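See below for the structure under consideration.
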Amino acid sequence: MSAGQPSFFERLVAWQRACGRHDLPWQGTRDPYRVWLSEIMLQQTQVATVRRYYEAFLARFADVQALARAPLDEVLAAWSGLGYYRRARLLHAAARQVVERLGGRFPHDFDGWRALPGVGDSTAAAIAAFCHGQPVSILDGNVRRVLQRWSGAAGAEATPRALWRRAQALLPPQPPAEAMAAYTQGLMDLGATVCTPRQPRCPACPLRADCAAHAGAAPLASAPPRRAARRAEAWWLPLWVRADGALWLQRRPARGIWAGLWAPPVLVGTEGEQALRAALATQPAQALRWLPPLAHALTHRDLTLHRVQLRWDGPDEAAPDGPGVQPDQGAWWTPSAALALGLPAPVRAWLAGAGPASRTSSSR
DNA sequence: AAACCGGGGTG
DNA sequence: CACCCAGGTTT
């Protein structure tokens with residue numbers, strides 16, 4: 001750092017107070033529950049999306065006790081559409097851990113938070129800095145980019161671990177708690193609004209005076225070559241709708257895509273669809289109508305939702321027989337009851353939209 | 001259509 | 001330590 005200039009830390013604190021974001025619903029509080037929830041939701045999820053869920057989740061689970069008391073299904077329902085449902089399971093597990101093992105009191109430092117399920121290095125540092133003013137540095141993707149550009153780190157110096165050591169070294173020995181919070185928020189805001197991946201707004205940056213990338217001495221190393229995306233075999237999901245509107249949903253396994261959510265059976269590849277057609281012709285379920293399929297894309301998988309209207313002569317506890325059907329883990333649900341479950345985004349979107357509204361067209 | 005991203009699990 | 005995975009959204 002050049003002499004006569006405020007430190008990296010001081011410049012970021014001043015910049016955050018003048019130019020940073022101050023209007024996010026989880027700011028302006030040191031309540032660990034609110035900060036913790038926001039950090040978990042913000043993992044892999046953009047601010048704009050989290051904003052739509054955060055207040056509603058808090059309204060439903062007002063504190064850690066309420067969250068710990070709630071059945072997992074209700075937590076998954078509130079999380080439905082946010083994706084990465086494992087986060088919701090770990091959040092729920094951590095809430096129970098706080099209530100049962102910590103007497104309902106949250107941890108008060110980095111190590112304590114780091115020991116909770118779903119809280120890794122970056123999240124633990126963010127909470128410790130925001131709630132406790134602890135001098136620990138975050139290192140999410142935005143911050144890594146800021147530090148790498150500013151320091152000019154490359155090669156072995158640019159690994160996450162090395163960058164984190166560098167970030168720690170930039171902290172003053174005993175920063176005031178409120179400065180630590182502003183600094184942490186400032187790092188995030190700078191990466192999100194100024195030091196963006198493409199077309200950074202360098203003229204607005206408080207660090208440009210001694211930024212290695214800005215000086216051109218050490219241009220940002222090109223991103224490591226990413227492996228070609230492997231696209232797994234497509235999934236076909238038969239969404240059975242009975243004449244009375246009920247639909248068959250079964251619980252997903254605890255791991256993998258849509259872990260723990262309620263979803264239609266999964267058929268892999270096109271063979272599954274053919275077997276399903278054959279089964280439906282001879283079962284108590286008869287396909288009255290196949291509606292146009294709905295497409296949904298995950299990064300590594302293409303999904304097709306088949307909507308099949310059924311005439312169902314079997315018992316209420318039974319399910320159509322077919323590939324991928326797990327009767328012991330499934331049930332018929334009315335649309336309104338299903339909406340209270342944890343549902344994958346495409347199923348929820350279909351139910352909340354037009355949904356099964358056209359079900360009576362063939363029966364009257 | 002490809003890329004993004006932090007925690008957790010595995011090799 | 002290095003890699004792999006999940007999934008709604010942006011580019």
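Predicted, not measured: the structure shown is a model, and the values here were computed from it.
- For A/Thr123, whose side chain is taken as the heavy atoms from C-beta onward, the closest listed nucleotide among B/dG7, C/dT10, C/dG8 is B/dG7.
- Closest to the side chain of A/Tyr84, from the set B/dC4, B/dG7, C/dA6, is C/dA6.
- Judged by the 6.0 Å and 45° rule, A/Arg242 forms a cation-pi pair with A/Trp332.
- Under the 3.5 Å distance criterion, the side-chain polar atoms of A/Arg149 are left unmatched by any main-chain donor or acceptor of A/His214.
- Between A/Arg144 and B/dC4 there is no side-chain polar atom (N or O) within less than 4.0 angstrom of OP1 or OP2.
- Residue A/Trp235 places none of its side-chain N or O atoms closer than 4.0 Å to OP1 or OP2 of C/dG7.
- With DNA chain B read from its 5' end, the first of the two nearest nucleotides for A/Val119 and A/Thr45 is the one closest to A/Thr45.
- Regarding A/Gln43, its CD atom lies at a distance of 7 Å from the P atom of B/dG8, rounded to whole Å.
- The side chain of A/His300 approaches C/dG7 more closely than any other nucleotide in the set B/dG9, B/dG8, C/dG7.
- Residue A/Thr299 has its side chain nearest to C/dG8 when only B/dG7, C/dC1, C/dG8 are considered.
- Which of B/dC5, B/dG8, C/dA6 sits closest to the side chain of A/Arg114 comes down to B/dG8.
- Cation-pi contact between A/Arg166 and A/Trp150: absent, since separation from the ring centre below 6.0 Å together with deviation from the ring axis within 45° is not met.
- Within the 4.0 Å cut-off from OP1 or OP2 of C/dG8, at least one side-chain nitrogen or oxygen of A/His296 is found.
- You'll find that the side chain of A/Arg161 is closest to C/dC1, out of C/dG8, B/dG9, C/dC1.
- Taking only side-chain atoms of A/Tyr85, from C-beta outward, the nucleotide of B/dG7, C/dG8, B/dG8 with the closest atom is C/dG8.
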